[in-house]
Structure formats: C-alpha cells, structure tokens
Student: 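Let me begin by handing over the structure; questions about it come next.
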Amino acid sequence: MERCAAILLARGKPCPNLKEAAETYRALLDYAAVFGDRNPVELEVGCGNGGFLLEKAKREPQTNFLAVELCTNVVLTAMERTMAAGIPNVRFLNIPAEILACYLPEHSIGKIYLNFSTPLPEKSREKQRLTSQRFLEIYKTLLVPGGKIEQKTDSAEFFDYSLSQFEAAGFSVEEVTRDLHHSEYAQSNIVTEYEANFTAQGKPICRLVAVWSV
Ligand code: SAM
C-alpha cells in the first residue's frame, strides 16, 4: 500500500452483540501494510477534529497513531488537517469504538487516549460511556501487557466514575490529577480542542493514567 498521510480505513455501525461481531466479522488491520513500518501503535478514541493526534504524531514520529471517530464529517476534517500538515504516521478509522475488536489485532496497542469523552450522566446511557466496564473489556483485549489508557475530562463526576471503573476492571491507576494545568504533567500536555474551550471557561482539567498489568 502506498504510504500516504491519512486514509479512511473503514466505516461501520454499532453492533448490538460485540462478541458476535468480533468473531463473525473480522477485518484485522495489517499495521505494517497500513503504516509502512513496524513502529508501535497507539490509539485515540473519539479524536474529534484531530488536533491532539496531529501534534502528538509530530512530536513522536517513531510511533504510529490510529484515530477512531464515530462521526464522518468530523473525521473528514481531522483527515484533511492531518494531510495538509504532511503528517505521515496517523491513520483514521470511521467506526464506533464498540466494534474496534473487528479491526484491531488482540494485544497490539501500547496506549489508548480518551480525551474529553462525552460524560453521558444519564443512568440509561451508562453503557455508552467510553470508560464503562463494557468498553474497558474491549480495551483490555487491545492493549499489550502493561499497556496504558490516558484519560482527560473536565467533568469531576465522570472522572470519579471512571476512576472506580478502572479499579473495578483491575487496572492500576496512577498520575492522577484534578488540575492538570497546574500539575507536574502540564509541561508535556497537548491541549485538545475541547480542552481549550473548557479551560477558557475556567474549568480545571482532570487526568489519569490507567495501567493494564495482566
Ligand atoms: N477528543 C476531542 C477533543 O478533546 O477535542 C473531541 C472530544 S468530543 C466531546 C467526543 C468525540 O468522541 C466526538 O467527536 C464523538 O463523535 C466521539 N465519540 C463518541 N462516542 C464514540 C464512540 N463510541 N466511538 C467513536 N467515537 C465516539
């Protein structure tokens, strides 16, 4: 496959039965073919307009990044920005995270970024929260041993919920801060589009790193 700045790899719809979908419909990516090298792969779920990975990929050219985004219009903007910037190590998946296991080989991802995932406070939408047990079980199948999930959010309630979910799922949680921009992690932080908006409104940013040690 010709090496290009950004390609739309796939589209899909949420599947009611994840296990069945992953078992009956698998189109596993060959990272070497997709990226043109064998560098380690990291993943952002809900990349939005792609600003975070654009900067991350610039800073870390020896890592490959997959950006997952449900919304087609949004992911197209992210792709255009990435291509315009000539970034070679980012690819996009226009799918819901629910069906990631159909496309990503097991235990192939070093790190997952959850930047300002929608908190969905309604109890009826708990299963859709990107840090619910349902999603943590999916991430566990994708992460390499010792792999990490980095989460940022402006919502203290969603942060508390996520902390308890990570712990219940057997992750060890570290680097916890409830005021990222005034913490020791501020210097290396890449500010996302949503983060810039929330910070402009005076909201402190919460951040954690969850480690999956099998
Ligand atoms: N990460 C970006 C940022 O920090 O600026 C965008 C944050 S925005 C609040 C959340 C994004 O996640 C939206 O673009 C939404 O379409 C996407 N999203 C929500 N649920 C998703 C899912 N299940 N699978 C993939 N993307 C999802």
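Remember, it's 1-based here, ligands and their atoms both numbered in the order they're listed. Position 1 is the first residue of the sequence; numbering continues from there.
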Student: Could you tell me the residue and atom name of the protein heavy atom closest to atom 5 (O) of ligand 1, and the distance to it rounded to 0.1 Å?
Tutor: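 In this structure, atom 5 (O) of ligand 1 has Y194 N, 3.0 Å as its nearest protein heavy atom.
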Student: Of the non-hydrogen atoms in N89 and F35, which two are nearest, and what is the gap between them?
Tutor: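 In this case the closest contact between N89 and F35 is O-CE2, 3.9 Å.
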Student: Any side-chain to backbone donor/acceptor pair from R91 onto V34? Under 3.5 Å, distance only.
Tutor: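 Yes, the answer is positive, given that a donor and an acceptor are paired below the 3.5 Å cut-off.
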Student: Nearest protein heavy atom to atom 10 (C) of ligand 1, by residue and atom, and its distance?
Tutor: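 Here the closest protein heavy atom is F116 O, 3.9 Å.
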Student: Name the closest protein heavy atom to atom 25 (C) of ligand 1, giving the residue it belongs to and the distance to 0.1 Å.
Tutor: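 Answer for atom 25 (C) of ligand 1: L70 N, 3.5 Å.
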Student: Looking only at heavy atoms of K152, does any of them come nearer than 4.0 Å to an atom of ligand 1?
Tutor: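 The answer is no: ligand 1 sits nowhere under 4.0 Å from a heavy atom of K152.
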Student: With rounding to the nearest 0.5 Å, note down the distance linking OG in S164 to CD in Q133.
Tutor: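 Answer rounded to 0.5 Å: 8.0 Å.
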Student: Evaluate the ring planes of F198 and Y194, with Trp represented by its six-membered ring, and classify them as parallel (under 30°), tilted (30 to 60°) or perpendicular (over 60°).
Tutor: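 Answer is tilted, since the angle falls between 30° and 60°.
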Student: Do me a favour and list the nearest non-hydrogen protein atom to atom 14 (O) of ligand 1 with residue, atom name and distance?
Tutor: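 Checked against all protein heavy atoms, atom 14 (O) of ligand 1 sits closest to E69 OE1, 2.8 Å.
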Student: Regarding atom 1 (N) of ligand 1: of the candidates G48, G46, S117, which has the closest heavy atom?
Tutor: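 Selected option, by shortest heavy-atom distance: G46.
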Student: Among protein heavy atoms, which lies nearest atom 23 (N) of ligand 1, and at what distance?
Tutor: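 Looking only at protein heavy atoms, the one closest to atom 23 (N) of ligand 1 is E98 OE1, 3.2 Å.
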Student: Centre of Y161's six-membered ring, under 6.0 Å away, within 45 degrees of the axis: is that where NZ or CZ of R129 sits?
Tutor: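 Cation-pi check for R129 and Y161: passes.
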Student: So if I count the atoms of ligand 1 from 1 in the order they appear, which ones are less than 4.0 Å from some heavy atom of E193?
Tutor: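 Once the distances to E193 are compared, the set is 5 (O).
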Student: For atom 24 (N) of ligand 1, what is the closest protein heavy atom, and at what distance to 0.1 Å?
Tutor: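 Result for atom 24 (N) of ligand 1: A97 N, 2.9 Å.
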Student: Just say parallel, tilted or perpendicular for the rings of F65 and Y113, cut-offs at 30° and 60°.
Tutor: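 The arrangement is tilted - the two ring planes meet at 30° to 60°.
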Student: When you compare the side chain of R134 with that of E126, does any pair of heavy atoms fall below 4.5 Å?
Tutor: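 Heavy-atom side-chain distance check fails, nothing below 4.5 Å.
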Student: May I ask you to list the atoms of ligand 1 that are less than 4.0 angstrom from any heavy atom of E44?
Tutor: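 Matching atoms, with element in brackets: 1 (N).
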Student: Taking atom NZ of K148 as the centre, report whether more than 12 heavy atoms of other residues, nucleotides or ligands fall under 6.0 Å from it.
Tutor: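 12 or below, so no.
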Student: Quick one: does E195 get within less than 4.0 Å of ligand 1, heavy atoms only?
Tutor: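 Outside the 4.0 Å threshold, so no.
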Student: How far apart are the closest heavy atoms of G110 and V144, and which atoms are they?
Tutor: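 Looking at all heavy atoms of both residues, the closest pair is CA-CG2, 3.9 Å.
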Student: If we only consider heavy atoms of I95, is any one of them less than 4.0 Å away from an atom in ligand 1?
Tutor: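 Yes, that is the case, since the closest heavy atom of the residue is under 4.0 Å from the ligand.
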Student: Does an N or O from T118, backbone or side chain, lie closer than 3.5 Å to an N or O of ligand 1?
Tutor: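 No, there is no polar N/O contact under 3.5 Å.
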Student: Taking T118 for its side chain and L120 for its backbone only, find out whether a donor-acceptor pair lies under 3.5 Å.
Tutor: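 Answer holds: no.
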Student: Nearest protein heavy-atom contact for atom 3 (C) of ligand 1: which residue, which atom, what distance?
Tutor: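 The closest heavy atom on the protein side is T192 OG1, 3.4 Å.
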Student: At a 4.0 Å threshold, what atoms of ligand 1 neighbour a non-hydrogen atom of P96?
Tutor: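 Counting from 1, the qualifying ligand atoms are 24 (N).
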Student: Of all the atoms in ligand 1, which lie at a distance below 4.0 Å from a heavy atom belonging to N115?
Tutor: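 Numbered from 1, ligand 1 contributes 1 (N), 2 (C), 4 (O), 7 (C).
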